[in-house]
Amino acid sequence: MDGNLPLPNANVRSNPLLFEMLRSFTCLAATLNLSHAVRELHSTRQTVRRHVNQLEEIKGGPLFAVADRQYVLTELGSAVLPEALDLLARAEGWLTGQSRLINGMQYLRREDPDGWFFFQQQQPIGKLFESTSPMLPDVMKAWALAGGHLEHDALKQVRPNCTVFRRAGEEWLFTEVGEKSSFVTWFGWTVSRSSIGRPLGEMPGGGNFGVLSNVAYAEVETNQSVRLDHIFTVLPMGTKAEMLPISFERLLLGARFPDDSFAMISAVRRTYDVDIQDVSDDMLRQMSEDMVM
């Protein structure tokens, strides 16, 4: 399909309005209604149209079609939207200090006035084998022996420590929650079993921060690979509304269901042994010691 898309205009210079063009395009793509987009952007109809027209000229074709006054993404618009969202999220994250690269790997930081916070730092895969527990290395070894096939015998011993997701459109749905997984031991069996078939959910902190936090999942899916992150945040425990500090290692692995569709395996170990810039040991120790795995 990509081979039939028009080529962008190679003669177009770098445009100083690129950020605003991306905002207009992605907002109109989300609302598919010019009036709604104008209201959300605090802009004018003429400005939004101009930004979209400029981006269409640069990309070499129409991003929207209009039928019965309703905007619809074209094939080109649908193809370039994910990257536009990613570029916008990265730019806003960089400007606000919420996102940057450390040694070429993703670092996220968000602290809200209401007390919610989220720190995430991607780690080299080699650091997995420095873990103070064999749990995640064992999952990695089993995944390699299984060749990524979810139902392979090699994965049977470690699946109780994992959760499994399937993509459904833009969402990741729970398909399996291991009885020994961090998800079960933190949220409880009732909440965990009730999560089967439900979406992973949106990350607090706003839409663009959600895009950034989902980069890890998209990366593993696209590359059919593995990724290790260290995370410190707050989550409700069980059915309680109170948000409690939690720090953990998270290993994401690309796998395959029996029908050869993509499966996302997540293995999480709660621990104080995480390496995250701007997160001190005292901060990590806010997690109750009896929650360490």
Side-chain angles (χ1 to χ4, degrees), residues 120-167 172-201 213-214 216-217 219-221 224-239 244-258 261-276 284 287-293:
Q120 174 181 304
Q121 185 166 339
Q122 184 181 3
Q123 302 291 333
I125 287 297
K127 196 158 189 172
L128 179 72
F129 300 101
E130 299 174 10
S131 176
T132 54
S133 165
M135 178 187 147
L136 296 190
D138 285 350
V139 173
M140 178 77 168
K141 292 172 187 175
W143 171 83
L145 288 171
H149 294 287
L150 190 61
E151 298 301 328
H152 194 282
D153 286 345
L155 279 169
K156 283 184 178 179
Q157 295 299 316
V158 299
R159 278 177 68 171
N161 295 318
C162 304
T163 53
V164 181
F165 304 93
R166 178 190 292 276
R167 180 183 280 283
W172 288 99
L173 302 183
F174 284 90
T175 63
E176 180 180 318
V177 180
E179 62 267 24
K180 296 180 182 178
S181 67
S182 177
F183 194 88
V184 168
T185 56
W186 181 271
F187 291 105
W189 190 245
T190 300
V191 172
S192 301
R193 291 302 297 169
S194 300
S195 298
I196 301 298
R198 294 185 179 179
L200 181 60
S213 62
N214 285 324
Y217 289 83
E219 176 186 304
V220 171
E221 181 185 28
Q224 305 283 298
S225 60
V226 297
R227 172 167 164 155
L228 177 67
D229 289 280
H230 288 181
I231 297 171
F232 178 53
T233 185
V234 286
L235 291 172
M237 178 178 284
T239 57
L244 299 176
I246 179 173
S247 60
F248 54 93
E249 302 173 297
R250 182 190 65 194
L251 178 65
L252 296 177
L253 309 103
R256 312 299 299 183
F257 285 108
S261 60
F262 184 79
M264 180 75 72
I265 299 175
S266 173
V268 168
R269 183 177 79 97
R270 296 189 301 272
T271 177
Y272 298 131
D273 298 323
V274 297
D275 181 13
I276 306 173
L284 296 173
M287 181 175 70
S288 173
E289 192 169 346
D290 60 1
M291 286 293 102
V292 173
M293 300 174 71

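All figures in this text were calculated on a predicted structure; none of them were measured in a lab. Positions are given from 1, in the same order as the sequence printed here.
A pairwise comparison of heavy atoms in S194 and T190 identifies OG-O, 2.8 Å as the closest pair. Nearest heavy-atom pair, T163 versus F183, reported as atom, atom and distance to 0.1 Å: CG2-CB, 3.9 Å. Summarising the geometry of S247 relative to M287, their closest heavy-atom pair is N-SD, 3.5 Å, with the distance given to 0.1 Å. M140 and I125 get closest at one heavy-atom pair: CE-CG2, 3.9 Å.
Applying the salt bridge (charged side-chain N to carboxylate O under 4.0 Å, His left out) criterion to E130, with sequence neighbours excluded, gives no partner residue. With sequence neighbours left out, I276 forms a side chain to side chain contact (heavy atoms under 4.5 Å, CB included) with Y107, F119, Q121, H230, F232, V274, V279. Listed by chain and number, the residues in a salt bridge (charged side-chain N to carboxylate O under 4.0 Å, His left out) with D290 amount to none (sequence neighbours excluded). Listed by chain and residue number, F174 satisfy the ring pair (Phe, Tyr, Trp, His ring centres under 6.0 Å) test with F165 (two or more places apart in sequence, or in another chain). Listed by chain and residue number, E221 satisfy the salt bridge (charged side-chain N to carboxylate O under 4.0 Å, His left out) test with R167 (two or more places apart in sequence, or in another chain). Listed by chain and residue number, nothing satisfies the side chain to side chain contact (heavy atoms under 4.5 Å, CB included) test with Q157 (two or more places apart in sequence, or in another chain). With sequence neighbours left out, the side chain to side chain contact (heavy atoms under 4.5 Å, CB included) criterion links D229 to Q120, Q122, A216, R227, I231, R250. With sequence neighbours excluded, no residue satisfies salt bridge (charged side-chain N to carboxylate O under 4.0 Å, His left out) with D138. Residues passing the side chain to side chain contact (heavy atoms under 4.5 Å, CB included) test with M237 are W186, L244, M291, sequence neighbours excluded.
Residue pairs satisfying the salt bridge (charged side-chain N to carboxylate O under 4.0 Å, His left out) criterion with at least one member in residues 182-198, sequence neighbours excluded, are absent. Screening residues 120-129 for salt bridge (charged side-chain N to carboxylate O under 4.0 Å, His left out), with sequence neighbours left out, gives K127-D275.
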Indicate every side-chain donor-acceptor pair of residues 144-152 with a distance under 3.5 Å to a residue at least two apart or in another chain.
from : atom 1 : to   : atom 2 : distance (Å)
E151 : OE1    : R159 : NH1    : 3.2
E151 : OE2    : R159 : NH1    : 3.3
H152 : ND1    : A154 : N      : 2.9

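For the residue pair S288 / R270, no side-chain donor-acceptor distance below 3.5 Å is found, with atom types taken as modelled.
A donor-acceptor contact shorter than 3.5 Å is absent between the side chain of T271 and the backbone of F248.
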